[in-house]
Q: 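Right, I'll just put the structure down here and ask away after.
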Amino acid sequence: PHGKKAVFIDTAAEMYVKAEQDWLQIDRRALVSSGFSVSDYSLVGKSKTQLKSELADVDVVFVAGGNSFILLEHAQKSGFLELLQENAFPNSLYVGSSAGSVIMSGDISAIQFLDDRKQANLTSDMGANIYQSLILPHWGSEHFKPRYMKALSYIYQHNISVTALTDQQYLYA
C-alpha cells in the first residue's frame, strides 16, 4: 500500500473524545503502519458534490466505528449513502469497521440495542442496503453481550436476516 491514499472517516466517533478511544486509534494506526497515506475525514457538513470530488482519488475509504446512528444521520444528510449506492468510487476499496459496516445494511433499527439511537436526528433507519443482511459487529464480545441479548429478541420478532461478525472476522462482498 505504499503510496496509496486512504481516507479515515471517523464521523461515527465524533461524539467521543477520540484520543481516548483505543479502538479508533488502533484502526487508524493499522492503516498508517501498513504504508497508507492517511487523511482524517468527516461527513459532517459535507455535500454530495463535495464528497464526490474530495474522495474521487482515494484508494481506500475507511469508515470507522462509533455510533451507527450518528454515522447514518450524516451519511444520509451528506449524500454519502447515495454515492455508495451509485458506486461513485469504483476504484476505491470500502472498508467498514463496526458502525462503518453496519451502514452497508438496509434497516439498521435493531442496532438500537447496541448504539444510542437518540444521539442522532434520523427520519429513517435505512442504510445503504448494499449488503442484504443486517451486519452485527463484535459478536461474542463480553462488552456487548447484554445488549446483544436484547437485540436478538427484536431480531427474532421482526424476522431480520443477520450476519454476525466477531472482532477477528471480516466480510468481503
Q: Would you kindly confirm whether Val63 and Val60 end up in one hydrophobic cluster when ILVMFWY residues are joined by side chain heavy atoms under 4.5 Å apart?
A: no
Q: Test of understanding: clusters of I, L, V, M, F, W, Y form through side-chain heavy atoms closer than 4.5 Å, transitively. Do Val162 and Leu72 belong to the same one?
A: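 Yes, one cluster joins them.
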Q: What closest approach, in Å, do Trp23 and Ala13 show between heavy atoms, and which atom pair accounts for it?
A: CH2-CB, 3.8 Å
Q: Consider only side-chain heavy atoms of I, L, V, M, F, W and Y, link residues closer than 4.5 Å, and tell whether Phe89 and Ile130 are in one cluster.
A: yes
Q: Are the side chain of Glu54 and the backbone of Lys46 linked by a donor-acceptor contact shorter than 3.5 Å?
A: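 Such a contact is absent between Glu54 side chain and Lys46 backbone.
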Q: Hey, what do you get for CG (Leu136) to OG1 (Thr166), rounding to the nearest 0.5 Å?
A: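 OG1 of Thr166 is found 12.5 Å from CG of Leu136.
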Q: In chain order, what residues pass the side-chain hydrogen bond (donor to acceptor under 3.5 Å, both in side chains) check against Tyr131, with sequence neighbours excluded?
A: Thr163
Q: Do you know which two heavy atoms are closest between Ala12 and Gly65, and how far apart they sit?
A: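 In terms of heavy atoms, the two residues are closest at CB-O, 3.5 Å.
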Q: If you round to the nearest 0.5 Å, how far is OH of Tyr94 from CD1 of Ile9?
A: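 Going from the CD1 atom of Ile9 to the OH atom of Tyr94 covers 7.5 Å.
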Q: Kindly give the heavy-atom pair with the smallest separation between Phe113 and Ala151, and that separation in Å.
A: CD1-CA, 3.6 Å
Q: Taking side-chain hydrogen bond (donor to acceptor under 3.5 Å, both in side chains) as the definition, give me every residue that meets it alongside Lys77, ordered by chain and number, with sequence neighbours left out.
A: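 In terms of side-chain hydrogen bond (donor to acceptor under 3.5 Å, both in side chains), with neighbours along the sequence ignored, Lys77 is linked to Glu73.
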Q: Any chain of hydrophobic side-chain contacts (each under 4.5 Å) joining Ile160 to Ile108?
A: yes
Q: Any salt bridge (Lys or Arg N to Asp or Glu O under 4.0 Å) pairs touching residues 82-110, not counting sequence neighbours?
A: Lys48-Glu82, Lys48-Glu86
Q: Sequence neighbours excluded, which residues qualify as side-chain hydrogen bond (donor to acceptor under 3.5 Å, both in side chains) partners of Tyr154?
A: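 Expected list: Ser109.
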Q: Tell me the closest heavy-atom pair linking Ser92 and Val61, and the distance in Å.
A: CB-CG2, 4.1 Å
Q: Tell me, which pairs form a salt bridge (Lys or Arg N to Asp or Glu O under 4.0 Å) where one or both residues lie in residues 130-144, sequence neighbours left out?
A: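 Residue pairs with at least one partner in residues 130-144: there are none.
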Q: So do the side chains of Pro137 and Leu165 get within less than 4.5 Å of each other, counting heavy atoms only?
A: no
Q: Looking at every non-hydrogen atom in both residues, tell me the closest pair between Ala30 and Ser34 and how far apart they are.
A: O-OG, 2.8 Å
Q: Please tell me if the side chains of Glu14 and His74 come closer than 4.5 Å, counting only heavy atoms from C-beta onward.
A: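 With C-beta onward as the side chain, the pair stays apart.
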Q: By the salt bridge (Lys or Arg N to Asp or Glu O under 4.0 Å) test, which pairs, at least two apart or in different chains, include something from residues 114-124?
A: Arg117-Asp125
Q: Each residue besides Tyr172 in its hydrophobic cluster should be listed here, by chain and number; the cluster joins Ile, Leu, Val, Met, Phe, Trp and Tyr at side-chain heavy-atom distances under 4.5 Å.
A: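 Members besides Tyr172, by chain and number: Tyr170.
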Q: When you compare the side chain of Asp22 with that of Gln25, does any pair of heavy atoms fall below 4.5 Å?
A: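 No, their side chains stay 4.5 Å or more apart.
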Q: List the steps, then state whether side-chain contact (heavy atoms from CB on, under 4.5 Å) holds for Leu93 with Asp59.
A: CA-CA 6 Å; Leu93 176 65; Asp59 300 293; over 6 Å; no
Q: Does any part of the side chain of Tyr41, heavy atoms only, come nearer than 4.5 Å to the side chain of Leu55, both counted from C-beta?
A: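 They are in contact (side-chain heavy atoms under 4.5 Å apart), so the answer is yes.
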Q: Could you grab the distance from atom CD1 of Ile155 to atom NE2 of His158, nearest 0.5 Å is fine?
A: 10.5 Å
Q: Within a strict 4.5 Å, meaning less than it, do heavy atoms of the Tyr156 and Leu152 side chains meet?
A: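 Not touching, per the 4.5 Å side-chain cut-off.
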Q: Which residues satisfy the ring pair (Phe, Tyr, Trp, His ring centres under 6.0 Å) test with Tyr148, sequence neighbours excluded?
A: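 Scan of Tyr148 (ring pair (Phe, Tyr, Trp, His ring centres under 6.0 Å), adjacent residues dropped) gives Trp139.
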Q: Given 3.5 Å as the limit, does a donor-acceptor pair link the side chain of Ser105 with the main chain of Ser133, or not?
A: yes
Q: When you compare the side chain of Ser153 with that of Met149, does any pair of heavy atoms fall below 4.5 Å?
A: no
Q: Go through the structure and list residues passing ring pair (Phe, Tyr, Trp, His ring centres under 6.0 Å) with Phe62, not counting sequence neighbours.
A: Phe8
Q: Less than 4.5 Å apart, side chain to side chain, heavy atoms only: is that true for Leu43 and Leu71?
A: yes
Q: State plainly whether one hydrophobic cluster holds both Leu31 and Val7, where clusters connect Ile, Leu, Val, Met, Phe, Trp and Tyr through side-chain heavy atoms under 4.5 angstrom apart.
A: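 No, it is not one cluster - the side chains of Leu31 and Val7 are not joined through contacts under 4.5 Å.
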Q: Return the CG to CZ distance between Asp40 and Arg28, rounded to the nearest 0.5 Å.
A: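 Asp40 atom CG to Arg28 atom CZ measures 4.0 Å (nearest 0.5 Å).
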Q: Tabulate below the donor-acceptor pairs under 3.5 Å that side-chain atoms of residues 95-104 make, not counting sequence neighbours, or state none.
A:
unit_1 : atom_1 : unit_2 : atom_2 : d
Ser97  : OG     : Asp27  : OD2    : 3.0
Ser98  : OG     : His138 : NE2    : 2.7
Ser101 : OG     : Ser98  : O      : 2.7

Q: I'd like to check the side-chain hydrogen bond (donor to acceptor under 3.5 Å, both in side chains) partners of Asn67; sequence neighbours left out, ordered by chain and number.
A: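 None.
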Q: Hey, are the side chains of Ile111 and Phe69 touching, using non-hydrogen atoms and a 4.5 Å cut-off?
A: yes
Q: Under the side chain to side chain contact (heavy atoms under 4.5 Å, CB included) rule, collect the residues that match up with Ser47, sequence neighbours excluded.
A: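 Checked Ser47 against side chain to side chain contact (heavy atoms under 4.5 Å, CB included); matches are Thr49, Gln50.
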